[in-house]
Amino acid sequence: MVMMKRSWPAVLLLAFVCAQAPSGRVIPNDPYFKFQVSFLDPGGTITVERTSTKPSPVTIDASAGIDADITRAWTISTGSRGTIVAILDDGFFYGHEDLAGNFWANPGESGPDATGHAKETNGVDDDANGYADDVMGWDFAFDDPDPDCYVFDGMRKDRVQPYWHSISALGIIGAKGNNGIGVAGINWDVSMMLLKIGAQGIGRNETDALRPERAAKAIRYAADNGARVINWSGFVDDPTPEALAGLKAALEYAGTKNVLLVVGAGNSGLDIDRPENFTYPACFTLDNILTVAMIDFKGELVVYNAGDRRLGSNFGAVNVDIAALDENFTTFLENGRSTYRMSAGTSNSGPVATGIAALALSVNPKLSAVALKKILMETATPLPGLAGKVRCGGMVNAYKALRAAQAAR
């Protein structure tokens with residue numbers, strides 16, 4: 001979901017010293033964890049930095065406890081490399097310092113082949129899955145094994161630019177935790193599969209007619225190669241009925257492999273229960289899709305102004321399942337270099353739910369997609385502002401979800 005620009009509300013600074021963890025919580029040694037208020041919100045009027053690159057203090061009044069309850073969940077699990085999470089996006093900067101070690105390595109395309117050459121680069125489909133050298137995923141736009149973040153700029157088609165949209169999601173889901181660098185992801189250990197479905201050179205107000213087809217291929221790839229959760233902070237533009245049917249069929253196929261798709265609800269401030277506002281894949285009526293709204297630090301649906309337009313989180317008591325905080329201090333990219341910043345939008349609330357789903361699977365990998373979705377919704381923290389706006393009426397709660405996953409073993 002392309003993040004809409006909005007006036008940055010203030011964010012929080014943790015009112016405790018990280019070296020002195022509150023009872024029953026795990027606090028990592030990552031230096032910017034003190035800005036990760038979506039994981040631990042002490043409430044009150046607090047100040048944090050907006051970015052790691054320069055002084056950028058901002059403040060907010062927050063309600064205590066409006067967070068994902070991550071630090072208590074870490075007393076149960078901090079993740080597992082055995083959990084594979086597929087990320088669908090328009091390209092990936094996989095050289096970030098804080099993501100190293102948490103990308104998927106396809107075992108069938110790793111190590112030496114029979115001739116002693118590296119499977120990663122020998123041009124051979126060593127594992128016979130239909131893709132040669134797909135060691136970390138696939139680029140479905142250019143049909144090659146390098147899902148990099150460099151795309152033809154849709155606004156200026158005469159240049160190639162890094163597209164940063166996915167970088168925040170990667171950090172929220174799986175920045176390496178407790179490594180003394182940057183931030184901590186929800187999963188300190190995880191395997192993130194990179195599936196690039198970006199359209200090269202698609203400009204503003206243009207339609208990407210092939211996006212549903214690329215997304216469907218990526219979903220089938222994820223299901224066939226061991227992913228249990230797919231994060232897609234996006235949607236398809238003006239799809240034809242045929243394209244929608246193909247995309248839905250791919251998601252149904254993923255459901256047979258117990259793959260849960262987590263998708264952001266969108267940033268248009270619309271009731272997507274209304275047919276004229278339907279967006280896909282969020283509005284497919286499938287049991288293996290979890291659609292996530294975004295809330296602020298008061299526990300209310302995000303609303304903001306963009307010029308003369310009033311926007312915010314999409315909602316709907318039928319088609320939107322759960323909510324999560326959208327503002328997350330996470331990984332970023334500046335001039336090709338690893339940085340960190342506060343990011344927002346349902347492109348960030350979705351990955352919070354994705355990360356928690358993966359954390360629950362690290363506790364109980366036998367959970368079906370339907371059971372996993374049910375756990376996330378039934379253990380959500382109820383919030384008055386979400387009643388009648390999202391299906392479960394609450395925000396995702398990692399600690400309660402992990403306790404339920406343990407009990408389901």
Side-chain angles (χ1 to χ4, degrees), residues 1-12 37-39 41 60-63 65-68 89 165 168-169 172-173 231-237 261-284 289-330 342-357 373 376-377 380-397:
M1 197 87 46
V2 175
M3 186 181 70
M4 302 296 294
K5 289 185 178 180
R6 61 182 169 99
S7 298
W8 286 99
V11 287
L12 311 171
V37 291
S38 59
F39 290 6
D41 169 12
I60 191 175
D61 290 323
S63 298
I66 301 298
D67 60 45
D89 216 301
H165 181 262
S168 59
I172 292 167
I173 295 166
N231 184 87
W232 186 5
S233 296
F235 56 93
V236 294
D237 293 321
L261 173 74
V262 180
V263 61
N267 306 326
S268 301
L270 299 174
D271 179 354
I272 60 171
D273 285 351
R274 298 174 65 89
E276 65 269 25
N277 297 330
F278 280 178
T279 181
Y280 296 98
C283 293
F284 285 131
I289 297 178
L290 183 78
T291 303
V292 187
M294 58 176 170
I295 55 172
D296 60 25
F297 285 102
K298 291 292 187 180
E300 302 288 341
L301 286 174
V302 171
V303 177
Y304 60 93
N305 294 317
D308 59 353
R309 302 176 65 197
R310 190 163 179 80
L311 302 174
S313 179
N314 287 347
F315 58 92
V318 175
N319 287 324
V320 180
D321 298 302
I322 202 165
L325 284 165
D326 72 317
E327 286 198 301
N328 289 265
F329 196 87
T330 182
M342 189 66 71
S343 190
T346 55
S347 291
N348 295 272
S349 61
V352 171
T354 295
I356 293 170
K373 177 179 177 178
L376 293 173
M377 293 178 64
T381 302
L383 295 174
L386 298 181
K389 298 293 186 180
V390 303
R391 189 173 169 191
C392 75
M395 67 174 177
V396 65
N397 185 299

Which pair of heavy atoms, one from [X] and one from [Y], lies closest together, and at what distance?
| X | Y | value |
| --- | --- | --- |
| Ile173 | Pro351 | CG1-O, 3.6 Å |
| Ser168 | Thr330 | O-OG1, 3.1 Å |
| Ile172 | Asn348 | CD1-OD1, 3.5 Å |
| Ala293 | Ser349 | O-OG, 3.3 Å |
| Phe235 | Pro281 | CA-CD, 4.2 Å |
| Ala324 | Val396 | CB-CG1, 3.9 Å |

With the side chain counted from C-beta on, respond yes when [X] and [Y] share a heavy-atom pair under 4.5 Å apart, and no when they do not.
| X | Y | value |
| --- | --- | --- |
| Arg310 | Val303 | yes |
| Val352 | Leu325 | no |
| Thr279 | Asn319 | no |

Below 30° counts as parallel, above 60° as perpendicular, anything between as tilted: where do the rings of Tyr280 and Phe284 land?
tilted

Could you grab the distance from atom [atom1] of [X] to atom [atom2] of [Y], nearest 0.5 Å is fine?
| X | Y | atom1 | atom2 | answer |
| --- | --- | --- | --- | --- |
| Ile356 | Asn397 | CD1 | CG | 7.5 Å |
| Asn328 | Ser347 | CG | OG | 11.5 Å |
| Phe315 | Asn277 | CZ | CG | 8.5 Å |
| Met377 | Leu290 | CE | CG | 7.0 Å |
| Asn267 | Ser313 | CG | OG | 7.5 Å |
| Asp321 | Lys373 | CG | NZ | 4.0 Å |

Please check if the side chain of [X] supplies one atom and the backbone of [Y] the other of a donor-acceptor pair under 3.5 Å.
| X | Y | answer |
| --- | --- | --- |
| Asn305 | Asp308 | no |
| Thr346 | Met294 | no |
| Asp41 | Val37 | no |
| Asp273 | Val318 | yes |
| Asn314 | Gly269 | yes |

Step-by-step side-chain contact (heavy atoms from CB on, under 4.5 Å) determination, Val320 to Val390
CA-CA 5 Å; Val320 180; Val390 303; 3.6 Å; yes

Does Lys298 pair with Glu300 as a salt bridge, N-O distance under 4.0 Å?
no

